[in-house]
Amino acid sequence: MGSEALDKGYEPLTVEARWYNYWEEKQLFAACEENGKRSYSIVIPPPNVTGVLHMGHALNVTLQDILCRYKRLRGYNVLWMPGTDHAGIATQNVVEKKMAQEGLDRHRLGREKFVQAVWEWRREYGSAIINQLKRLGASCDWARERFTMDEGLSKAVRKVFVDLYNEGLIYRGSYIINWCPRCRTALADLEVEHEELEGNLYYIRYPFAKKKGGVVIAATRPETMLGDTAVAVNPDDERYRNTEADMLILPIVDREIPLIRDKYVDMLFGTGALKITPAHDPHDFEIGRAHHLSSIKVIGDDGKMTADAGALFEGLDRFKCREKVLKALEEKGLLEKIEPYRHSVGHCYRCKTIVEPNLSTQWFVSVKPLAKKAIAAVKNGDTRIIPGMWESTYFEWMNNIKDWCISRQIWWGHQIPAWTCERCNEMVVGMEAPDNCPVCGGDRLVQESDVLDTWFSSALWPFSTMGWPDETLLLRLFYPTSALVTGFDILFFWVARMMMMGIHFMGDVPFKDVYVHALVRDEEGKKMSKSKGNVIDPLTVIESYGTDAFRFTLAAFAAQGRDIKMSEKRVEGYRHFVNKLWNAARFTLMHISEGYEEIPRNDLSIPDRWILSRLKETTSNVVEALDAYRFNEAAGTLYKFVWHEFCDWYLEAVKPTLYGRKGPDRQKAAKSVLGRVLRDTLVLLHPFMPFVTEEIWHKLPGTKGSIMETVFPSDHPGAALMVYDEEAESEMNLIISVITGIRNIRGEMNIAPSRSLNATAQTKDEAIKETLNRYAEIVKDLAGLQSFSVGEPGERPKSAATAIIEGATIFVSMEGVIDFAREADRLQKEIDKLGGELRTVSKKLRNEDFLSKAPADVVEKVREKHRVFIEKQQKLQSNLERIRELNS
RNA sequence: GGGCGGGUAGCUCAGUUGGGAGAGCAUCGGCCUUACAAGCCGAGGGUCACAGGUUCAAGCCCUGUUCCGCCUACCA
């Protein structure tokens with residue numbers, strides 16, 4: 001394509017839609033199944049089908065997209081596997097709510113029809129989140145999109161379940177689990193959110209059966225007393241020495257229960273006596289087992305009291321029941337006292353209802369053996385967790401891992417592949433429904449109604465999405481995946497479980513790197529939540545500022561180990577950056593008309609060589625930063641390069657050349673360098689800002705096709721010519737410091753930019769003289785001078801302000817405008833500033849220990865600095881004296 | 001209770017083997033200079049939470065204190 005003019009401002013919205021469609025049509029996101037390139041793969045953390053895009057997704061997906069686009073440019077065959085998660089409880093809740101509005105409920109509908117309705121819901125709304133990911137520019141291989149309930153993934157789930165069952169790692173049994181009375185399902189320990197609440201500690205007297213007095217227990221959930229089957233005290237507790245054979249009367253219920261001894265009881269807590277309710281507390285359950293106590297379930301699965309709670313309470317809500325029990329106890333005079341007590345209470349992570357520990361028959365995975373291998377894989381470096389601090393968190397959890405309750409009493413999900421024979425009660429676990437009972441031959445087998453925890457299927461995601469249990473080419477090419485990018489909030493839920501399953505079933509870790517990124521919070525650092533009303537919608541941000549600005553903001557703030565506080569103001573700042581790039585391109589395109597042509601180094605000016613050297617350094621820094629997942633550093637480097645090196649200095653410095661004032665040869669060279677730098681800059685920026693870079697790319701002469709198909713600057717055939725150019729760097733720094741010195745005088749002395757000044761530089765250094773003479777034009781242009789001369793140290797111009805730079809003194813002649821007092825103040829200020837620095841440096845050089853113990857190069861550096869400071873100070877001082885003379 | 005992270009400019013934060021305290025935004029002053037006022041030029045501003053220690057040298061390493069945040073846990 002040829003050179004075209006750009007509009008004055010960048011308009012993101014129209015551009016974005018156009019290029020996204022273009023990429024999809026050209027299938028630039030597709031992984032190749034038959035090429036010899038190195039593989040790079042990432043599986044997306046599948047968002048809930050019910051989800052709407054939030055800041056967490058935006059950050060997560062942006063970082064993955066940066067990696068994938070970067071790796072493609074580096075020549076990798078990239079697979080970014082997308083998809084969604086069926087989110088059992090959440091989805092079921094959503095569909096049930098919708099049904100409720102239509103006056104329907106799932107029980108009336110029946111299981112089969114309900115599940116069908118969920119599928120319909122998914123067909124209609126399930127792609128919402130996917131479309132939102134596309135707005136972010138996500139370059140996933142959409143043709144391979146997966147869903148955890150797909151046939152293939154479901155087969156993987158069944159296979160894993162059956163294998164683990166046969167290996168004895170999945171078992172079924174009756175234990176205390178976390179029960180959500182609202183969702184009416186069991187929850188895994190992880191799915192319970194603990195929150196500190198103000199409660200009470202109720203002291204209740206349990207009278208002795210056969211003598212006066214009684215034992216006082218302390219309880220936070222007095223309603224559970226209805227299911228007590230014992231009271232326990234510590235065997236060493238002196239207070240309860242003489243009560244050995246005693247039985248107690250359970251108040252209200254009037255049941256006789258034993259007083260037992262168990263070391264578990266803490267003598268220092270409460271009264272040292274603990275009521276035992278084996279059906280409603282995990283400890284009590286263990287103690288009950290050890291002492292062969294019976295379990296009485298008094299709170300039902302609906303959160304209401306059961307018949308076993310007694311006629312008085314049956315059908316009562318558990319919290320209403322608490323009040324009624326307390327009232328009854330008070331009437332009997334058995335409620336000794338009530339103390340306020342702060343304790344943590346478990347809530348359902350889906351609906352925030354207070355969770356009830358309940359005795360229930362469920363399915364569990366025995367995870368310890370799996371965890372052992374998953375710990376080893378991180379210990380020996382097969383998988384790296386970045387930043388490293390998360391490794392300790394991972395180990396901490398893995399080392400203390402408990403069996404995982406995987407059965408859920410809901411309908412939407414993978415139904416457990418276990419069947420029970422109605423005739424002989426034999427249970428069969430298998431991939432498919434058995435026709436006959438293997439024991440009695442009966443043909444009436446009923447499938448387990450429970451479904452599996454959604455995370456059970458998510459745990460298989462890195463290989464189930466690639467076709468496992470079939471041996472596919474995809475698995476061979478892309479497993480183990482290269483990196484997993486995720487938030488720490490699902491480190492245990494998901495990452496740890498994928499590690500366990502991946503190692504167990506694939507014989508290899510699911511990913512080589514796990515990059516754990518921060519959480520996006522609001523401006524005040526609070527977690528964004530709908531209830532707090534502090535949510536910033538990523539789509540709104542995109543509408544207002546454009547995707548590129550938003551993505552760049554996320555990357556720039558994605559420093560390792562710290563949460564991101566998001567505010568629209570920050571995005572606005574980076575929109576300015578997008579616009580800056582746009583205008584730099586606009587300027588460039590006004591001057592170049594052909595593609596880049598290699599120009600011999602000798603034909604290049606110092607600014608040309610300097611910007612190429614900066615480009616080289618920037619490229620290396622970006623590569624280094626991205627390879628280490630330091631996104632903020634890569635973004636910061638690019639920002640600085642584009643704005644403060646390319647725009648602020650290079651473009652300004654080459655303007656005279658571009659206008660032809662240096663002759664056609666120089667002009668040609670400058671144009672060529674300009675084009676080259678812009679082209680490489682676009683490629684470097686593309687992973688961060690895919691849309692604007694693609695848009696400019698197509699206007700750039702000499703480019704073909706999409707920017708996605710090009711080669712990264714460091715891999716380009718011409719890359720060998722890109723070197724750090726020490727000479728150019730130091731000469732350009734000299735020029736910059738001269739200009740800055742003069743500008744400083746102008747600013748401090750309040751001289752209008754429109755007023756031309758005359759300046760002269762004095763130096764003994766021939767090389768400096770050479771450089772300044774050669775680039776006097778640039779100095780004149782950028783410092784706003786009428787004339788700029790270079791000479792030997794000698795007669796100082798009258799009425800001049802002074803700038804001291806390393807190796808030279810600049811005099812800015814200010815005939816008629818000079819304010820002597822002001823100049824004296826300015827010089828004094830500089831001398832004072834320098835004095836502080838000089839003191840610290842001198843102190844070091846007077847220190848014998850420093851001179852003898854510090855490395856030679858460090859000492860030399862300090863000596864050099866000292867020399868420079870002294871020289872500068874002397875010059876400033878003599879100029880100050882002169883100004884004072886003139887002023888008097 | 002255990003674990004982890006953080007305290008650096010007015011705000012938000014960088015600071016990767018210990019050797020010149022930085023950026024963006026905000027503030028102040030000056031500019032519509034032919035890519036960009038979404039811009040340009042210049043300036044001010046910090047006991048690096050506190051107290052010790054190691055070292056020639058500490059924002060960085062060690063110990064303690066304090067404040068904030070998060071994760072995790074079965075003292076009823």
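Taking the six-membered ring wherever Trp is involved, the centroid distance between the rings of Y545(A) and Y574(A) does not fall below 6.0 Å. W643(A) and Y639(A) have their aromatic ring centers within a separation under 6.0 angstrom.
Nearest-nucleotide assignment on RNA chain B puts the 5′-proximal partner with F493(A), out of F493(A) and T271(A). Along RNA chain B, the nucleotide closest to I739(A) and the one closest to K865(A) are compared, and the more 5′ of them pairs with K865(A).
At the phosphate of rA76(B), neither OP1 nor OP2 sits under 4.0 Å from any side-chain N or O atom of Y203(A). Close to rG24(B), at under 4.0 Å from its OP1 or OP2, lies a side-chain N or O of H644(A).
Considering only heavy atoms from C-beta on, L293(A) stays 4.5 Å or farther from F285(A) through its side chain. Residues P278(A) and T229(A) form a side-chain contact, since some pair of their non-hydrogen atoms from C-beta on lies under 4.5 Å apart. By the 4.5 Å heavy-atom criterion applied to side chains, T271(A) and Y240(A) are counted as neighbours. E11(A) places none of its side-chain heavy atoms less than 4.5 Å from the side chain of E695(A). Side-chain contact between L197(A) and R342(A): absent, with no pair of heavy atoms (C-beta onward) separated by less than 4.5 Å. Using a 4.5 Å cut-off on side-chain heavy atoms (C-beta onward), I177(A) and L187(A) make no contact. Annotation: side chain of I176(A) is not in contact with side chain of H280(A) (no heavy-atom distance under 4.5 Å).
Using a 4.0 Å heavy-atom distance criterion, Y264(A) is classed as a base contact. Contacts of Y341(A) with the nucleic acid, taken as non-hydrogen atoms under 4.0 Å apart, involve only primed sugar atoms and P, OP1 or OP2. Residue T220(A) is classed as a sugar-phosphate contact, given heavy-atom separations below 4.0 Å to backbone atoms only.
Judged by distance alone, the side chain of R867(A) and the main-chain N or O of R863(A) form no donor-acceptor pair under 3.5 Å.
Rounding to whole angstrom units, CZ of residue R746(A) and C1' of rC31(B) are separated by 11 Å. For the pair N632(A) CG and rC13(B) P, the computed distance is 13 Å after rounding to whole Å. In this structure, the CD atom of E633(A) is 17 Å from the P atom of rG22(B), given to the nearest Å. Here rA23(B) presents its C1' atom at 14 Å from CZ of F577(A), a figure rounded to the nearest Å. Look at CZ on F557(A): it is 10 Å from P on rC25(B), rounded to the nearest Å. Per the geometry, CG belonging to D228(A) stands 16 Å off P belonging to rA76(B), to the nearest Å. Put simply, CG on L491(A) is 18 Å from P on rC70(B), counting in whole angstrom units.
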Fill in: Intermediate values then yes/no, side-chain contact (heavy atoms from CB on, under 4.5 Å), R261(A) and V233(A)
CA-CA 5 Å; R261(A) 305 293 187 288; V233(A) 294; 3.5 Å; yes
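rG19(B) and rC61(B) are spaced 15 Å apart, taking the C1' atom of each and rounding to whole Å. One P atom belongs to rG24(B), the other to rA43(B), and the distance between them is 13 Å to the nearest Å. To the nearest whole angstrom, the two C1' atoms, one in rG29(B) and one in rC13(B), are 27 Å apart. The separation of rG52(B) from rG59(B), taken at their P atoms, amounts to 15 Å, rounded to a whole angstrom. Using C1' as the reference atom, rG5(B) and rA49(B) are 15 Å apart when rounded to the nearest Å.
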Response to the item:
Scoring nucleotides 32-38 of chain B by protein non-hydrogen atoms under 4.0 Å (B base, S sugar-phosphate only, - none) yields ---BBSB
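For R630(A) and rU16(B), a side-chain-to-base donor-acceptor distance below 3.5 Å is present, hydrogens and geometry of angles not being considered.
With sequence neighbours excluded, the residues satisfying side-chain hydrogen bond (donor to acceptor under 3.5 Å, both in side chains) with H644(A) are D648(A).
Proximity note for F269(A) (side chain, C-beta onward) versus rC75(B), rA73(B), rG24(B): the nearest is rC75(B). Listed nucleotides: rC71(B), rU12(B), rC75(B). Nearest to the side chain of D266(A): rC75(B).
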Practice prompt. Both distances under 3.5 Å, Watson-Crick or G-U wobble: on that basis, could you give the dot-bracket string for RNA chain B, with [ ] for crossing pairs and | for other-strand partners?
Written response: ((((((((.[[[[.)...(..]]]].(((((.......))))).....[[[[[..)....]]]]])))))))....
Scan nucleotides 43-47 of chain B against the protein and return all N/O pairs shorter than 3.5 Å with their distances rounded to 0.1 Å.
{"residue": "rA43(B)", "atom": "OP1", "partner": "N744(A)", "partner atom": "ND2", "Å": "2.8"}

Filtered N/O pairs between nucleotides 55-59 of chain B and protein, under 3.5 Å:
{"residue": "rC56(B)", "atom": "OP1", "partner": "K853(A)", "partner atom": "NZ", "Å": "2.8"}
{"residue": "rC56(B)", "atom": "O2'", "partner": "N847(A)", "partner atom": "ND2", "Å": "2.9"}

Quick one: side chains of residues 575-585 of chain A, donor-acceptor pairs under 3.5 Å with protein atoms, not counting sequence neighbours, listed by atom name and distance.
{"residue": "W582(A)", "atom": "NE1", "partner": "D7(A)", "partner atom": "O", "Å": "2.8"}
{"residue": "N583(A)", "atom": "OD1", "partner": "R586(A)", "partner atom": "NE", "Å": "3.4"}
{"residue": "N583(A)", "atom": "ND2", "partner": "N579(A)", "partner atom": "O", "Å": "3.1"}

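Using a cut-off of 4.0 Å between Lys/Arg side-chain N and Asp/Glu carboxylate O, E572(A) and K569(A) are scored as not salt-bridged. Between K833(A) and E830(A) there is no salt bridge, since no side-chain nitrogen of the basic residue lies less than 4.0 Å from a carboxylate oxygen of the acidic one.
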